[in-house]
> 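Structure below; questions to follow.
On a predicted model such as this, the values are computed, not experimentally measured, just so you know. Order of the sequence lines sets the chain letters (A, B, ...), proteins ahead of strands, with each chain counted from 1.
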Amino acid sequence: MTPPNQLPHEPAPEPPIGYDPARVERKWRERWAQRSANTPDIAGGVRPYYALMMFPYPSAEGLHVGNLFAFTGNDIFARFQRLQGHTVFEPMGFDAFGIHSENYALKVGAHPMDLIPKNVANFTRQLTAAGLMIDWTRTVDTTHPSYYAWTQWVFLQLFKRGLAYRKKAAVNWCPNDKTVLANEQVEGGKCERCGATVEQRALEQWFFRITDYAERLLKNLDGLDWSTTTKTAQRTWIGRSDGAELRFRVLNPMEDAGSAAVHVTSEVATGMREVVVFTTRPDTIFGATYLVLAPEHPLLDDIAGVDQKRAVDEYRTRSSRQDLISRKTNKEKTGVFTGAYGVNPATGEMIPIWTADYVLMEYGTGAIMAVPGHDERDFEFATKFGLPIERVVAGPGQTARTPLKEAFVDDAGAVLCNSEQFDGYAVEEAKPAVTAWLEEKHAGKGVVNFRLHDWCISRQRYWGPPIPIIHCDACGAVPVPEKDLPVILPNIPDFKPDDSGISPLARHEEWYRVPCPTCGKPARRETDVSDTFLDSGWYFLRYPSVGSANAGTMPFDPSITKKWLPVNSYIGGNEHAVLHLLYSRFLTMVLHDAGHLDFDEPFTKFRAHGMIIRDGAKMSKSKGNIVNPDEYITEWGADTFRTYLMFLGAFEEGGDFRDGGISGVKRFLDRIWASVRDASVADDPDPEVMRKLHQTIKKVGEDIPMLSYNTAIAAMMEYVNVMRRGERTPRRAEVEPLVQLVAPFAPHIAEELWQGEWLNHTESVFDAGWPVFDPKRLASGSVTIAVQVNGKTRGTVVVSEGADEAAVYAAAMADAGIAKFVTSEPKKRVFVAGRLLSLVVQV
RNA sequence: GCCGGGGUGGCGAAACUGGUUAGACGCGAGGGACUUAAAAUCCCUUGGGUGAAAGCCCAUCCGAGUUCGACUCUCGGCCCCGGCACCA
């Protein structure tokens, strides 16, 4: 026999019996593969559970530890569901199209078509080594024609419904990546991908009409079981604001010149020029003392006065040359007077019209009514340019004449003033009242505005699915017939993008010259490719249907989809809160409305995992503090690495990776190994240990669904400490359920112990079910009660379970250490059964 | 500026809906057992102050408050992380 304290790592003289992760993990990787252990019965499996993780971009560097942290968290959850009796589907795929892959290929002088398969192979190896319960028979690669045929199909569904359109617009242009970007891909004026300062260019681009779904995207959030941070980020991004569009008649600078006294309160005659503004504060209309148009506003040409024309043109040129960042970060107000006046529909007064770059063309109507008394930006502008400032809202303790030293914006308890018949209205009641009044005067209407913009999906790059459109001089933009999909991305050597705003595919006439599908005349293919976020916007629909009989003829099989979707649980990073997660929801809604899906939200439950840092700092290549999973798995084994990653901190908050800590987890697994090996079959289990076991089963079973992995691991460690206290020999009944508990975290060692020579089961531990705790065995019959005197805990007493207040009080008084603080008859007693007795005595 | 999430030992972190002398679990550190020795393993100690000890006092970012009782709730500040940001 091997002595009990045989060290696990060194080769023991004989027989070799230590816990050797490399041997155990290789063995089970092979057996699981042979037995197709991770491939669920998609058609027949009972209680289907779809546990999804965000698929990675297969970079040349290999799997990042952050990926593995997320995947392990998902895997534990998935394995737990399986132990609960679900048929669990845990798929994995590769998001391999996009600028990142293409740039890397350019950098190393290779072709992405050659590079991607190598990276995918490397990722697959790493993911397998990590012991993830992935069904490798159903995987997707977004760059494979069998996948992107259907990405193009998705595009066509939107096109058919009028949700994909082309327009010339000012778009975000990344000068480094040489392509346009969606708004969601611009962070603080910089390219989300490469960090270059984004420019504005006017280009003809493809857009998806996601704004049509703004209200639904917002409203549905209420019913989703998602991380609050993610929901909040989406709400902010969609940015609903309730307000009104108000119309200001423009006085003709020629005809109305000199007639400063015109008092126009009647309805605005048709054909007259007017400035339409959006405001969330229609109640402050009486304080609107001037109007401001964005420099890009089309009305500017018409209304600028003769004397001001040059100044206005100069100003517009200057602001158009300014890049986005300096315009949005330089908050110093600038602007020029247009020479024109508008009429305030509430007061009938003439107010000047200015143009200034603090008003943005892309939001609202590109024009505002300025209320300097109650808007900080307007106040600043009015002060700088000497425009009138009126008070129309008075807070508590203020009157209509209280001077304004700054914009007054605190609406709490505030009422309108200097607003004629609305004086005295509270702000919130004035908003609808004033809007209704202006509506009657045909001077405006209540509207809802969203910050969300349409999704720009075309990219002037090579490495993506070609947009399935053919341009015909006679027929216009014609969709490629579905039967002709996929439009294959040609293998061309010269895929480098240039600054022309035209895709490299346009350099290949042999590819883009095709007959028009409608009239047969010579026509041209669209040469832009689609955004990677279109690839990833529907991949979860494809997974369950991969390999099905219909996979070649439809994107997803109806009966399989009905059974497996929507996704039960989705885990991923919050960096995709307004990108992937918003787009996926949008596409799901569209496919639902088109009759392809019977649900309109793709992810029932979503949890954002935290970020993993190292030694208190973000990991980055430049700092050289990247954790390479391969090295750690080689040195410690996947089970230890997985469990350590989960032990670092709360899964949803992330953790700090420190090399020092990993040994504790290895020790923990070694102790489980040794416990099973040494367990006595003959002896009866200890009731105290069994009580702790049942408490641990309860705790771990409650923690895993909450993703509270760190505390679940701590609970198991506690149990091992109790079970092995001193040199105690554990009993088989004490160790066997522990193997099941640890299985989701450390699947290889659990399987080895479960089916190995000591426990000797014939089935997989993952088919063995989850141990059940007996509520009767959680308690010992006695209970420790804390005794507080004047709010301070002065001791504890042990009483039988269910002891009443009198009994506890008696026990407390019998304890000299407690009784000495009770100097007089308590004037108050608070008793919490099973927990504490609090006494208040006179001091 | 607005909206989320945080701030607890030398370190990573626990603490149920306000309730068992805050700090579980792990790392690190110190001491001991075993060993020729080391590794491994096992045991003990480990928030601060004071004390010979029993003990007492102070401690969850800071300051108030509510309560028999506050890491937890309220009010006011400070700091860190993430999102949005001249969005009218």
> My understanding is that only one of A:N574, A:D225, A:T230 makes a side-chain hydrogen bond (donor to acceptor under 3.5 Å, both in side chains) with A:R607; could you say which?
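Result for side-chain hydrogen bond (donor to acceptor under 3.5 Å, both in side chains) with A:R607: A:D225.
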> Can you tell me which nucleotide in B:C84, B:C86, B:A88 comes closest to the side chain of A:K333?
B:C86
> Classify the nucleic acid contact of A:R667 as base, sugar-phosphate or nothing, counting any heavy atom under 4.0 Å across all strands shown.
sugar-phosphate
> Measure centre to centre between the rings of A:Y644 and A:W636, then say whether the value is under 6.0 Å.
no
> If you only use heavy atoms from C-beta on, which nucleotide in B:A14, B:C3, B:G19 is closest to the side chain of A:S838?
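So the nucleotide nearest the side chain must be B:G19.
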> Starting at CG of A:D656 and ending at P of B:C80, how long is that distance when rounded to a whole Å?
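Whole-Å distance recorded here is 19 Å.
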> Provide, to the nearest angstrom, the distance between the CZ atom belonging to A:R835 and the P atom belonging to B:A22.
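Between P of B:A22 and CZ of A:R835: 16 Å.
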> Between B:C73 and B:U67, how many Å separate the two C1' atoms, rounded to a whole number?
10 Å
> Taking atom P of B:A22 as reference, at what distance in whole Å does atom CG of A:L836 sit?
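Answer to the nearest Å: 13 Å.
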> I want to check something: taking the side chain as every heavy atom from C-beta on, are A:Y358 and A:D378 in contact at a cut-off of under 4.5 Å?
yes
> In the 5'-to-3' direction, what one-character label does each nucleotide of nucleotides 45-57 of chain B receive under the scheme B = base within less than 4.0 Å of a protein heavy atom, S = sugar-phosphate only, - = no such atom?
-----------SS
> Please determine, for the side chain of A:A786, which listed nucleotide (B:C84, B:U20, B:A88) has the closest atom?
B:U20
> Looking at A:E575 and B:G82, is any side-chain donor or acceptor paired with a base atom of the opposite kind under 3.5 Å?
no
> By the rule that syn is within 90° of 0, classify the base conformation of B:G7 as syn or anti.
anti
> Please identify which of these residues, A:F651, A:F647, A:F69, meets the ring pair (Phe, Tyr, Trp, His ring centres under 6.0 Å) condition with A:Y709.
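One option only clears the test, and that one is A:F651.
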> Going by an N to O cut-off under 4.0 Å, is there a salt bridge joining A:D411 and A:K431?
no
> Ignoring the backbone of A:V830, work out which of B:G19, B:G12, B:G26 is nearest its side chain.
B:G19
> Between B:G26, B:A88, B:G6, spot the one nearest the side chain of A:V359, thanks.
B:A88
> Would you indicate, yes or no, if B:A14 has its OP1 or OP2 atom less than 4.0 angstrom from a side-chain nitrogen or oxygen of A:N710?
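Result: yes.
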> Among the nucleotides B:C16, B:C87, B:C86, which one has an atom lying closest to any side-chain atom of A:R451?
B:C87
> Taking salt bridge (Lys or Arg N to Asp or Glu O under 4.0 Å) as the test, write out the residues that go with A:R614, two or more places apart.
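A:R614 satisfies salt bridge (Lys or Arg N to Asp or Glu O under 4.0 Å) with A:D659 only.
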> Could you tell me the separation between the OH atom of A:Y644 and the C1' atom of B:G12, rounded to a whole number of Å?
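From A:Y644 OH to B:G12 C1': 7 Å.
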> Using a strict threshold of under 4.0 Å (side-chain N to carboxylate O), is an ion pair present between A:R691 and A:E688?
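Answer for the salt bridge query: yes.
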> Calculate the interatomic distance between A:Y19 atom OH and B:A40 atom C1'; express it in whole Å.
17 Å
> Which one, B:G5, B:G69, B:A88, comes nearest to the side chain of A:T229?
B:G5
> For A:A233 and for A:A650, find the nucleotide of RNA chain B with the closest heavy atom, then tell me which residue's nucleotide is more 5'.
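Its nearest nucleotide lies further toward 5', so the answer is A:A650.
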> B:C86 P sits how many Å from A:I368 CD1, rounded?
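So the CD1-P distance, A:I368 to B:C86, works out to 14 Å.
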> Where the side chain of A:R377 is defined as all heavy atoms beyond and including C-beta, which of B:A88, B:C42, B:C68 is the nearest nucleotide?
B:A88
> Tell me, which of residues 238-246 of chain A have any heavy atom that sits under 4.0 Å from an atom in RNA chain B?
A:S241
> Out of B:C84, B:C25, B:U21, which has the shortest distance to the side chain of A:T793?
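Of the candidates, B:U21 comes closest.
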> Rounded to whole angstroms, how far apart are CZ on A:F831 and P on B:G18?
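So the two atoms are 20 Å apart, to the nearest Å.
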> Under 4.0 Å, heavy atoms only, any strand: does A:N721 hit a base, just the sugar-phosphate, or nothing?
sugar-phosphate
> When you get a sec, tell me which of B:C68, B:G28, B:C25 is the closest nucleotide to the side chain of A:S663?
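Looking only at heavy atoms from C-beta outward on A:S663, the closest nucleotide is B:G28.
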